Number of protein chains: 2
Amino acid sequence: MGHTRWLDESELGAFRAFTNAHALLYPRLNHRLKREFGLSGLQYEILARLSGAPGRELRMAELASALVNSRSGLTYQIGQMEKNGLVCRRAGAPDERAVFAVLTDEGLALLKRAAPGHVGLVRELLFDALTPQQVRALADGLGEASRRLTVGTACSPPATATATATATATDPGP
Amino acid sequence: MGHTRWLDESELGAFRAFTNAHALLYPRLNHRLKREFGLSGLQYEILARLSGAPGRELRMAELASALVNSRSGLTYQIGQMEKNGLVCRRAGAPDERAVFAVLTDEGLALLKRAAPGHVGLVRELLFDALTPQQVRALADGLGEASRRLTVGTACSPPATATATATATATDPGP
DNA sequence: GGGGCCAAGTTCAAATTTGAACAATAAGGA
DNA sequence: TCCTTATTGTTCAAATTTGAACTTGGCCCC
């Protein structure tokens with residue numbers, strides 16, 4: 001087994017496309033969110049997740065795992081958002097270690113203002129370039145890859161990956 | 001046009017999968033490169049690109065655009081790599097503004113040691129989870145998205161997107 | 001042969017991310 | 001109960017990224 005199976009042309013193309021699309025798409029999304037709403041991309045996602053959670057709040061650890069982000073990174077961002085009045089923290093009830101991030105009215109209002117344009121841009125920059133089959137292939141293939149990548153990692157039941165997902169770019173709701 | 005076309009379930013799943021797969025995959029790849037070879041993911045890519053370039057050298061701007069990275073970020077990384085003897089800089093010949101990053105023998109040797117394991121990990125973590133159809137869909141769909149995202153941005157002819165790509169995860173060559 | 005304009009690379013400060021270390025708390029068994 | 005282990009959220013310093021500003025060179029057209 002001394003030899004390596006290098007990537008063939010198709011795989012290389014896919015890997016490139018995956019990397020490049022990400023590197024091109026996210027800075028664009030983030031730039032607009034920052035410019036128009038003072039939000040980073042991560043902050044938008046935090047707002048979206050919280051808006052879809054029961055009681056508009058989530059534990060720090062849940063949030064971090066749903067966002068696939070480090071706990072320390074989340075601490076930092078929640079700190080920023082708290083300064084801006086978009087969220088606040090609530091001490092845990094049964095488990096005293098817990099800290100809940102709670103969406104404020106102000107945070108929800110900002111999300112509602114930002115969401116349409118954001119989703120529109122995602123559609124314009126990404127989905128308008130994809131056929132329905134490609135969308136399905138993305139969801140299935142990369143979904144499976146994500147699932148495998150998550151195995152062995154601390155995480156809530158896979159429900160999180162799907163259920164929480166529904167909250168992100170959908171109508172923030174009433 | 002006051003209403004927004006939100007993402008349907010399939011699109012949302014695809015978007016999530018795309019984001020999550022990226023957020024899960026890259027830290028894993030990067031961590032291993034750093035631990036075993038002292039390289040960041042970006043530095044590995046730089047080595048790979050240079051190894052496939054004629055004369056083992058590329059202009060800073062070409063490299064930055066091929067890697068979809070900012071010029072200042074590249075300046076920083078090339079600086080780090082220069083300190084470690086992996087690359088060196090060469091002043092431009094006809095165009096005096098140009099700076100070429102040149103792969104050193106040491107850099108090439110390190111790439112050759114790192115490449116098999118890196119490619120193996122990419123295969124294990126990503127491609128083993130994908131069917132050939134999904135690989136094609138990724139390449140086609142995200143390739144098209146990348147192309148559109150690149151329009152209006154300073155860039156060399158689209159050749160770069162494909163031609164340069166070939167150098168990345170392939171056999172570093174003799 | 002100057003003037004205006006654009007591109008290249010670097011610099012810098014500010015923002016963010018990373019990862020290890022830490023304090024506090026839960027959980028489970030001997 | 002007491003000890004051992006795992007989890008939570010935070011803190012901290014170091015590394016990296018970001019984006020604007022700046023310097024220098026090419027380019028074009030008059």
Side-chain angles (χ1 to χ4, degrees), chain A residues 22-24 26-35 38-46 57-65 67-84 87-102 152-156, chain B residues 22-24 26-35 38-46 57-84 87-102 153-156:
Chain A
H22 193 279
L24 289 163
Y26 280 88
R28 282 246 211 146
L29 297 177
N30 294 346
H31 184 262
R32 201 164 86 115
L33 283 173
K34 178 64 85 181
R35 178 163 47 80
L39 286 173
S40 71
L42 181 51
Q43 289 175 346
Y44 176 89
E45 282 296 318
I46 291 172
E57 60 177 25
L58 283 172
R59 282 188 66 147
M60 296 292 284
E62 285 182 277
L63 200 44
S65 122
L67 297 170
V68 193
N69 244 282
S70 69
R71 277 166 301 147
S72 64
L74 183 61
T75 292
Y76 173 77
Q77 287 295 351
I78 290 290
Q80 297 301 108
M81 295 173 78
E82 203 170 19
K83 281 197 289 193
N84 297 339
V87 301
C88 61
R89 280 182 229 243
R90 182 173 76 68
D95 187 339
E96 290 192 42
R97 292 169 303 178
V99 171
F100 285 82
V102 188
T153 305
C155 68
S156 336
Chain B
H22 193 278
L24 289 163
Y26 279 87
R28 282 246 212 146
L29 297 177
N30 293 346
H31 184 263
R32 201 165 85 115
L33 283 172
K34 179 62 85 180
R35 179 163 48 79
L39 287 173
S40 73
L42 181 53
Q43 289 175 348
Y44 176 89
E45 282 296 318
I46 291 172
E57 62 177 25
L58 283 172
R59 282 187 70 146
M60 295 295 284
E62 285 182 276
L63 202 42
S65 123
L67 296 170
V68 192
N69 245 283
S70 69
R71 277 167 303 144
S72 65
L74 184 61
T75 293
Y76 173 77
Q77 286 295 350
I78 290 290
Q80 298 300 107
M81 295 173 77
E82 202 171 19
K83 282 198 288 192
N84 296 338
V87 301
C88 60
R89 279 181 227 246
R90 183 173 75 70
D95 187 340
E96 288 193 42
R97 293 170 304 176
V99 171
F100 285 82
V102 187
T153 305
C155 68
S156 333

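To find a chain, count down the sequence lines: A is the first, B the second, and so on, and within it residues start at 1. Because the structure is a prediction, the values reported are computed rather than measured.
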Legend entry - Any side-chain heavy-atom pair of B:His31 and B:Lys34 under 4.5 Å: no
Inset, instruction - Could you tell me the separation between the CZ atom of A:Arg71 and the CG atom of A:Asn69, rounded to the nearest 0.5 Å? - result: 12.0 Å
Legend entry - Separation between OG of A:Ser65 and CZ of A:Arg59, rounded to the nearest 0.5 Å: 11.5 Å
Legend entry - CG on B:Leu67 to CG on B:Leu74, rounded to 0.5 Å: 6.5 Å
Inset, instruction - For B:Leu42 and C:dT17, give me the distance from atom CG to atom C1', rounded to whole Å. - result: 15 Å
Inset, instruction - Between A:Ser40 and B:Val99, just flag the one whose closest nucleotide in DNA chain C comes earlier from the 5' side. - result: B:Val99
Legend entry - Option passing side chain to side chain contact (heavy atoms under 4.5 Å, CB included) with B:Leu63 (candidates B:Val99, B:Leu58, B:Val87): B:Leu58
Inset, instruction - Send over the distance from A:Arg35 CZ to D:dG19 C1', rounded to a whole Å. - result: 14 Å
Legend entry - Separation of atom CD1 in B:Ile78 from atom P in D:dA15, rounded to whole Å: 18 Å
Inset, instruction - Kindly point out which of D:dT10, C:dT18, D:dT18 is positioned nearest to the side chain of A:Arg89? - result: D:dT10
Inset, instruction - Might you point out which heavy atoms bring B:Gly41 and B:Leu33 nearest each other, and give the distance in Å? - result: CA-CD1, 3.9 Å
Legend entry - Closest-nucleotide 5' rank along DNA chain C - winner of A:Gln43 and B:Phe100: B:Phe100
Inset, instruction - Can you sort out the partners of B:Gln77 under side-chain contact (heavy atoms from CB on, under 4.5 Å), two or more places apart, ordered by chain and number? - result: B:Ser40, B:Leu42, B:Gln43, B:Ile46, B:Gln80
Legend entry - Any A:Gln77 side-chain N or O less than 4.0 Å from OP1/OP2 of C:dA15: no
Legend entry - Nearest listed nucleotide, side chain of A:Tyr76, among C:dA15, C:dT10, C:dT18: C:dA15
Inset, instruction - Rounded to 10°, tell me the angle between the two end axes of the helix from C:dG1-D:dC30 to C:dA30-D:dT1, each built from five pairs. - result: 20°
Inset, instruction - Sugar-phosphate means primed atoms, P, OP1 and OP2; the rest is base. With that split, encode nucleotides 20-29 of chain D 5' to 3' as B, S or - using protein heavy atoms under 4.0 Å. - result: -----BS---
Inset, instruction - Sequence neighbours left out, what passes side chain to side chain donor-acceptor pair (under 3.5 Å) with A:Asp95? Give chain and number order. - result: A:Arg97
Legend entry - Length of the line joining B:Asn84:CG and D:dA15:P, which is rounded to integer Å: 12 Å
Inset, instruction - Report the distance from atom CG of A:Asn30 to atom P of C:dT16, rounded to the nearest whole Å. - result: 11 Å
Inset, instruction - Please tell me which of the listed nucleotides, D:dT16, C:dT11, C:dT17, lies nearest to the side chain of B:Lys34? - result: D:dT16
Legend entry - For atom CE of A:Met60 and atom C1' of C:dA24, their distance in whole Å: 16 Å
Legend entry - Separation of atom CD in B:Gln80 from atom C1' in C:dT10, rounded to whole Å: 15 Å
Legend entry - Closest listed nucleotide, where the reference is the side chain of B:Ala61 and the choices are C:dT18, D:dT17, C:dG9: C:dG9
Legend entry - All side chain to side chain donor-acceptor pair (under 3.5 Å) counterparts of B:Tyr76, not counting sequence neighbours: none
Inset, instruction - Using the test side chain to side chain donor-acceptor pair (under 3.5 Å), find all partners of A:Arg89 that sit at least two apart in sequence or belong to another chain. - result: A:Glu82
Legend entry - Whole-Å distance separating the CG atom of A:Leu74 from the P atom of C:dT16: 14 Å
